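Data block below; observations after.
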Number of protein chains: 2
Amino acid sequence: MRGSLKRMRSDNRSMVLDYVVRQGPAARLDIAKALGLSPATITTVVRELVDGGLVEVVDSEQTTGRPRELFGPSASSVHAIGVKLMAHRVVGVRVNYRGEVTGEMEHAYDSRGPRPLDALAEVLTAWTGDRSGLLGVGIGISGIVDARRGRVVGAPRLGWNDLDVAAELSDRLGTRVRIDNDVMALALAHALYGPARQHDHFMILTLGSGLGSAVIAAGAVQRGARGAAGELGHVTVDAGGPECGCGARGCLEAYVSEPALAAEAARAGLATDFEDLLDKAASEPRARALFERAGTRLGRVLQTAVNLVDPAVLIVSGEGVRWWPLVADAVRAELRRAKAGSAGSVPLIPDDLDDRGWARGAAACVLSAPLETTTPHTKERQR
Amino acid sequence: MRGSLKRMRSDNRSMVLDYVVRQGPAARLDIAKALGLSPATITTVVRELVDGGLVEVVDSEQTTGRPRELFGPSASSVHAIGVKLMAHRVVGVRVNYRGEVTGEMEHAYDSRGPRPLDALAEVLTAWTGDRSGLLGVGIGISGIVDARRGRVVGAPRLGWNDLDVAAELSDRLGTRVRIDNDVMALALAHALYGPARQHDHFMILTLGSGLGSAVIAAGAVQRGARGAAGELGHVTVDAGGPECGCGARGCLEAYVSEPALAAEAARAGLATDFEDLLDKAASEPRARALFERAGTRLGRVLQTAVNLVDPAVLIVSGEGVRWWPLVADAVRAELRRAKAGSAGSVPLIPDDLDDRGWARGAAACVLSAPLETTTPHTKERQR
DNA sequence: AGGCATCATTCAAAGTTTGAATGAAGTGAC
DNA sequence: GTCACTTCATTCAAACTTTGAATGATGCCT
């Protein structure tokens, strides 16, 4: 019943869909050539995708001869919900299959309340309403997540441990639910919809209240052997440095994060909080120097990371993109120090992330796998 | 003609072969379950592989019922030649499909001679003799290699630039020839035959006259966007350090490599050359301290690398494994400094690499893809 | 109007996987 | 010794997918 011939077509459907989404508008013959399949097959597969509402004609071209129909991801038929979960707040977005935000929501929330999943389900059902065309709900969580099984392993900020979020929420909502670590989800969104989506090998760095990263290789987010890949926040940059929340000394995040920068500014009597520090940076050289030092430290670590991974580009995202200009030069200078490898030449691309970016990332968890049949709660094939 | 149904069976053959090689002896039903294919298919595919001489029964098990035939890679039917190319020397090994060395060769060579490929072909034909069961010749080269196209982009140590090695040598030898960067090839050998081969996510570090690394993810060697992945040798560890051959200052390789260690020892009046330094390390604390400082520097860089990649294990290989015990403790101490991520807990496994290890790696380039039809010199499908 | 170039679709043929039934190969009990 | 039993392996018709070649569609250009 789980025939491998069926799997073959299913694989081809996924491949075609993936190509259409990432490589922008494409004609059937383009797809056939790029994927090494025959035009006959593409005809069949594209028809299925169009019928399913995932793909639609977005343009047509002609030089001479029959016009080429160019296909792209559908803008209206289907959509997904993306949710960013925080300790006291939920932010949700409705995203169409092009990754465009078509609706949003923000609601108070208490992750440490008595029945956090019931409460979450309530907020979501109240908001979503009509469920036609809904592919599913994706949830991004800051913490360690077993995305494949849909479980939260440990999320200190939410106070959650070993919680079967996807299955439980799926029951309550009656929709497919996928969860993932927030940075991984954001990376996935970039792999599908970001400026670097044509590349199948790049890196993403997130700056903000913490510091995270992820590597996309062969078009897929790398999770590592234990799902802990991308942990650059607590790398030692100064063994004699101040103690970090993690228990170690001189972690990168203890220098390059909004709380750390604010704390350092406060100690130096430069600013009262981070917003104040940002204001001061416009005029006060000492404030700017503080960012530069952070940039140098960040750059040194990135030099190793980039030379190891050799990404096509490095995307900078997270709330911290707003102060990226203050550190960018120092980062670049440090990257250029390496004369071998790709550190010196990798393009650094700040991402225009807004408040809903993280939630959009969470939606990508669903958008990336629209063809999977609803996750069976029963047996899962082990590997 | 290049039917995708044929490709399907070809893919399944590869999958089965790969499983048998990496996951050790396995019965048909094991393979079927692990790969999600039906026993019927496995019967067919295994028969083809046995007929092709790639796989054979290595054992049989029984509790009650019909005995299970356990299959493993063949020890005798087929083999590959692996070659490590150096400026003045060629080292070759004959390797069976289990990755075991069954013959070896060493010959003088001048990579800067008038017709280097003719000379190489001559050495190899003289050595190999009988060609029955030969899957092909793999060549490992220190430098930048476009493995897919079989071209050397730039190999300073050999004095080669933009040379179509695979095609030219293939013509002269009448066999399939594959080339690759030596570190990538070594990593591939580990992915297939090393102690970490069950893991599909690990890292390898090579120590010796230089310093290299590679990441294996999803069972495949990661090449990065430009084929420059793993370049850890010229990462900055001390911006005020001594100048390195690459033009930068304070590169990791300028501290953690045999020439660098020897030079530092000479400056301190500790030893005349590296072998001398190794001897002294047995008794002289100052010599040992020199290695420890190198280990600390190495560990700091590895901390970032490991936390980023999250490998299941870190294999240490290269000629430098013999002095790994002198740096291991310092490396470990530095890795443990990180309280988050996997740096603190990743197992460090020195590989018992002998002189022929690099050549064996080169052979893996051929062993890893035995099912490919002879590379067509004509059109290549582009992607 | 007609020719033409290019894209797209149709359809019989070829090839692969699969479920169910059947066969094979031992163990252990009597 | 034989018989039942258990587990692994194979066979085979049926189901399904892809494909090459032929055919159709579509609009520009002369």
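Since we're looking at a predicted model, the values are computed, not measured. Chain identifiers are assigned alphabetically (A, B, ...) following the order of the sequence lines, protein sequences preceding nucleic acid strands; residue numbering begins at 1 within each chain.
Rounded to an integer number of Å, the gap from A:E61 CD to C:dC7 P is 10 Å. Nucleotide D:dC12 holds its C1' atom 13 Å from the CZ atom of B:R47, rounded to whole Å. One interatomic measurement links the two molecules: CG of B:L37 to P of D:dT10, which rounds to 15 Å at whole-angstrom precision. Note: CZ (A:R7) to C1' (C:dT17) measures 10 Å, nearest angstrom. In this structure, the CD1 atom of B:I31 is 11 Å from the P atom of D:dT10, given to the nearest Å. One atom, CG of B:D11, and another, P of C:dT17, lie 10 Å apart when rounded to the nearest Å. The distance from atom CZ of A:R28 to atom P of D:dT18 is 16 Å, rounded to the nearest whole Å. One interatomic measurement links the two molecules: CD of B:E48 to C1' of C:dT16, which rounds to 11 Å at whole-angstrom precision.
The stretch residues 13-21 of chain B has no heavy atom under 4.0 Å from DNA chain C, so no residue of it qualifies as close.
If you check C:dA8, C:dT18, C:dT17 against the side chain of B:M8, the one that comes closest is C:dT17. For A:R9, the side-chain atoms get nearest to D:dT18 when compared with the rest of C:dT18, D:dG20, D:dT18. Of the candidates D:dT10, C:dC7, D:dG20, D:dG20 carries the atom nearest the A:A40 side chain, counting heavy atoms from C-beta on. Closest contact between the side chain of A:R68 and the listed nucleotides C:dC7, D:dT19, D:dT10 involves C:dC7. Closest approach to the A:K6 side chain among D:dT19, D:dT17, C:dT18 is made by D:dT17 (side chain taken as heavy atoms from C-beta onward). Relative to the side chain of B:L29, the nucleotides C:dT9, D:dC8, D:dT19 differ in distance, and D:dC8 lies closest. Side-chain proximity of A:A27 to the nucleotides C:dA8, C:dT9, D:dT10 is greatest for C:dA8.
Looking at B:V46, B:N12, B:V55, B:V45 one by one, the single match for side-chain contact (heavy atoms from CB on, under 4.5 Å) with B:L17 turns out to be B:V55. Only one option out of B:I81, B:V145, B:I179, B:D180 pairs with B:I139 in a side-chain contact (heavy atoms from CB on, under 4.5 Å); it is B:I179. Across A:V177, A:V165, A:T175, a single residue satisfies side-chain contact (heavy atoms from CB on, under 4.5 Å) together with A:S170, and that is A:V177.
Checking side-chain atoms of B:R22 against main-chain N and O of B:G219 turns up a donor-acceptor pair under 3.5 Å. Although no hydrogens or angles enter the test, the distance criterion places a donor-acceptor pair under 3.5 Å between the side chain of A:S368 and the main chain of A:A364. At least one donor-acceptor pair under 3.5 Å links the side chain of A:Y193 to the backbone N or O of A:Y97. Side-chain atoms of B:Q62 come within 3.5 Å of backbone N or O of B:G65 as a donor-acceptor pair. Side-chain atoms of A:E61 do not come within 3.5 Å of backbone N or O of A:L70 as any donor-acceptor pair. Between the side chain of A:R131 and the backbone N or O of A:G174, no donor-acceptor pair lies under 3.5 Å. Remark: side-chain polar atoms of B:D310 are paired, donor with acceptor, to backbone N or O of A:G227 under 3.5 angstrom.
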Tabulate atom names and distances for all N/O pairs under 3.5 angstrom spanning the protein and nucleotides 26-28 of chain C.
| from | atom 1 | to | atom 2 | distance (Å) |
| --- | --- | --- | --- | --- |
| C:dG26 | O3' | B:Q62 | OE1 | 3.0 |

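Between A:T43 and C:dA8 there is no side-chain polar atom (N or O) within less than 4.0 angstrom of OP1 or OP2. Listed pair A:N12 / D:dT17 fails the phosphate criterion, with no side-chain N or O lying under 4.0 Å from OP1 or OP2.
Residues A:T44 and B:T41 both approach DNA chain D. Their nearest nucleotides, taken by heavy-atom distance, put B:T41 toward the 5′ side.
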